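Take a look at the structure set out below.
None of the values given here were measured: they were computed from a predicted structure.
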Amino acid sequence: MLPGERVPVPLPGVPTGPSEARPPAEAAPARPRLPKDKRTQLEGLFAALKVAPDDRSSKIIADRLDQLFSDSGSPSVDLLMARAGAAAEAKAFDLALQILDQVIEIEPDYVGALSKRATILYLRDDYGGALADIREVLAREPRHYSMLYGLALIMRELGDDKRALEAVRMARAVNPRLDGTEEMESQLSLKVEGRGI
């Protein structure tokens with residue numbers, strides 16, 4: 001494998017092409033184990049998110065999950081992520097991607113950098129690159145509702161409404177109050193499944 005080359009991780013319902021038949025020796029690495037306290041926090045927050053009584057509560061829980069995903073545990077990585085964030089805010093996407101590539105080289109399992117890079121690639125209409133990073137994030141955390149929603153957006157853009165509907169439903173199963181997902185699911189279900197009798 002070349003430096004910086006990404007190995008696709010299969011997503012439910014999303015073809016990966018010829019690499020789908022790769023031998024087990026080349027399969028994606030197992031999900032890294034989070035420290036026990038962080039895992040416990042994630043489990044509790046995901047459970048609370050499903051039953052959040054209102055939008056305000058849901059937003060507070062989602063913000064806490066975002067903080068946990070963003071926490072690299074490394075001051076140097078956090079500094080690079082802050083620089084990448086500032087570059088992205090300034091729409092200096094090339095610089096942001098260069099910094100994120102460095103972060104991922106240092107911490108290849110860091111969900112915060114992978115999801116940030118996927119978002120920037122999506123904004124640049126690089127759907128192939130965004131999908132590769134989304135696969136990596138979901139291999140590490142299948143409940144990452146932002147990446148599931150991103151997957152739904154890309155599938156819809158590519159005209160694959162059925163897979164877009166599957167992805168948005170998975171995102172809503174994790175975070176029922178995620179902005180934009182209820183309307184998207186409604187529109188896609190009408191297109192894919194038609195109107196009920």
Side chain to side chain contact (heavy atoms under 4.5 Å, CB included) between Arg64 and Gln41, worked out: CA-CA 10 Å; Arg64 182 63 189 122; Gln41 287 179 57; 2.8 Å; yes
Carefully, step by step, assess Asp101 and Arg117 under the rule salt bridge (charged side-chain N to carboxylate O under 4.0 Å, His left out). CA-CA 8 Å; Asp101 287 346; Arg117 187 170 70 178; 2.7 Å; yes
Leu165 and Ser189: CA distance, side-chain angles, deciding distance, side chain to side chain contact (heavy atoms under 4.5 Å, CB included) verdict: CA-CA 7 Å; Leu165 179 59; Ser189 66; 4.2 Å; yes
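Between Ile154 and Ala130, the shortest heavy-atom distance links the atoms CD1-CB, 3.8 Å. Smallest separation of non-hydrogen atoms from Leu178 and Thr181: O-OG1, 2.6 Å. Closest heavy-atom contact between Leu45 and Ile61: O-CG2, 3.4 Å. The heavy-atom pair separating Ala84 from Ala96 by the smallest distance is O-CB, 3.6 Å. Contact between Arg140 and Pro108 at its shortest, heavy atoms only, is NH2-O, 3.6 Å.
Put simply, CG on Asp66 and CG on Asp71 are 12.5 Å apart, with the number rounded to the nearest 0.5 Å. Taking CD from Glu105 and CG from Leu80, the interatomic distance works out to 11.5 Å, rounded to the nearest 0.5 Å. Rounded to the nearest 0.5 angstrom, Ile134 CD1 and Leu114 CG are separated by 11.0 Å. Rounded to the nearest 0.5 angstrom, Met184 CE and Arg156 CZ are separated by 4.0 Å. Rounded to the nearest 0.5 Å, atoms CZ (Arg143) and CG (Leu65) are 8.5 Å apart. Rounding to the nearest 0.5 Å gives a distance of 11.5 Å between CD of Glu166 and CG of Leu148.
The closest side-chain heavy-atom distance from Val174 to His144 is not below 4.5 Å. Leu95 is listed as a side-chain neighbour of Ile99, based on a closest heavy-atom distance under 4.5 Å. Put simply, the side chain of Ser58 reaches to within 4.5 Å of the side chain of Asn175, judged on heavy atoms. In this structure, the side chains of Leu100 and Ile120 come closer than 4.5 Å at one or more pairs of heavy atoms. Looking at Tyr110 and Met81, their side chains come closer than 4.5 Å, going by heavy atoms from C-beta outward. Side-chain contact between Met155 and Leu131 is present, with heavy atoms from C-beta onward closer than 4.5 Å. Within the 4.5 Å cutoff, no side-chain heavy atoms of Tyr127 are placed close to those of Leu121.
Side-chain atoms of Arg177 come within 3.5 Å of backbone N or O of Ala52 as a donor-acceptor pair.
Asp54 and Ser57 share a side-chain donor-acceptor pair at under 3.5 Å. Using modelled atom types, one finds no donor on one side chain facing an acceptor on the other under 3.5 Å when comparing Ser74 with Ser72. Side chains of Gln98 and Gln102: a donor-acceptor N/O pair is absent below 3.5 angstrom, by distance only.
Residues Val111 and Leu79 do not share a hydrophobic cluster, clusters being chains of Ile/Leu/Val/Met/Phe/Trp/Tyr side chains in contact below 4.5 Å. In the hydrophobic cluster analysis, where Ile, Leu, Val, Met, Phe, Trp and Tyr join through side-chain heavy atoms closer than 4.5 angstrom, Leu68 is grouped apart from Ile60. Leu123 and Met147 fall within a single hydrophobic cluster, where Ile, Leu, Val, Met, Phe, Trp and Tyr are joined by side-chain heavy atoms under 4.5 Å apart, directly or via other members. Both Val192 and Tyr149 belong to a common hydrophobic cluster when Ile, Leu, Val, Met, Phe, Trp and Tyr are linked at side-chain heavy-atom distances under 4.5 angstrom.
Between Glu43 and Lys38 there is no salt bridge, since no side-chain N of the basic residue sits under 4.0 Å from a carboxylate O of the acidic one. For the pair Arg124 and Asp94, the salt-bridge criterion is met [side-chain N within less than 4.0 Å of a carboxylate O].
With sequence neighbours excluded, the residues satisfying salt bridge (Lys or Arg N to Asp or Glu O under 4.0 Å) with Lys59 are Asp63. Not counting sequence neighbours, Thr119 has no partner by the side chain to side chain donor-acceptor pair (under 3.5 Å) test. Looking at residues two or more places apart in sequence or on another chain, you find a side chain to side chain donor-acceptor pair (under 3.5 Å) between Arg169 and Glu185, Glu193.
Residue Gln67 places its CD atom among more than 12 non-hydrogen atoms of other residues, nucleotides or ligands, all under 6.0 Å distant.
Using a 30° and 60° split on the angle between ring planes, Phe69 and Phe46 fall in the tilted class, from 30° to 60°.
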